[in-house]
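Structure, as structure tokens:
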Amino acid sequence: MSTNNNNKMCSSKSSKASSISSSWFYFIAILPIPLLLILYSQLLRSTIAPPPSDHGTGSMFDIIATRYDFINRALALNLDMG
């Protein structure tokens, strides 16, 4: 009987050891993910260009103003002309 109990104790110790070693494996496998996210965010920040010098001056609206007026008149059936 005592040999049977010793075998059970040894097998439970080995299963605990294997679960500890597998938890370290997962920790080491997951560790690079936050580091890669940080490096990726730094890369994105370095590649994003600053806004153009005429940002906020209405230059974008000047580009689309003629199309906007045309669509506005078509949808409003020329009732926007006053």
Side-chain angles (χ1 to χ4, degrees):
M1 262 292 218
S2 66
T3 57
N4 193 13
N5 286 339
N6 286 339
N7 287 340
K8 286 182 182 178
M9 291 177 76
C10 288
S11 66
S12 68
K13 286 181 182 179
S14 66
S15 67
K16 285 182 182 179
S18 67
S19 68
I20 290 172
S21 66
S22 67
S23 64
W24 275 105
F25 173 75
Y26 289 123
F27 175 75
I28 291 171
I30 293 174
L31 184 64
I33 293 174
L35 298 174
L36 289 174
L37 290 174
I38 291 169
L39 289 174
Y40 184 68
S41 67
Q42 292 297 326
L43 177 68
L44 283 178
R45 286 184 188 155
S46 67
T47 58
I48 295 175
S53 61
D54 63 347
H55 181 73
T57 60
S59 63
M60 186 176 81
F61 184 75
D62 292 340
I63 295 170
I64 65 168
T66 56
R67 283 184 255 161
Y68 175 81
D69 287 338
F70 174 75
I71 295 295
N72 191 30
R73 286 198 183 101
L75 293 175
L77 302 172
N78 281 339
L79 296 175
D80 63 326
M81 295 299 289

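All values reported here derive from a predicted model rather than from experimental measurement.
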Mind checking the [atom1]-[atom2] spacing from [X] to [Y]? Nearest 0.5 Å is all I need.
{"X": "Tyr40", "Y": "Arg45", "atom1": "OH", "atom2": "CZ", "result": "13.0 Å"}
{"X": "Ile38", "Y": "Ile33", "atom1": "CD1", "atom2": "CD1", "result": "12.5 Å"}
{"X": "Ile64", "Y": "Asp69", "atom1": "CD1", "atom2": "CG", "result": "10.0 Å"}
{"X": "Leu36", "Y": "Leu43", "atom1": "CG", "atom2": "CG", "result": "12.0 Å"}

Please give me the minimum heavy-atom distance between Thr47 and Leu44, naming the atom from each residue.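 Reported closest heavy-atom pair: OG1-O, 3.0 Å.
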
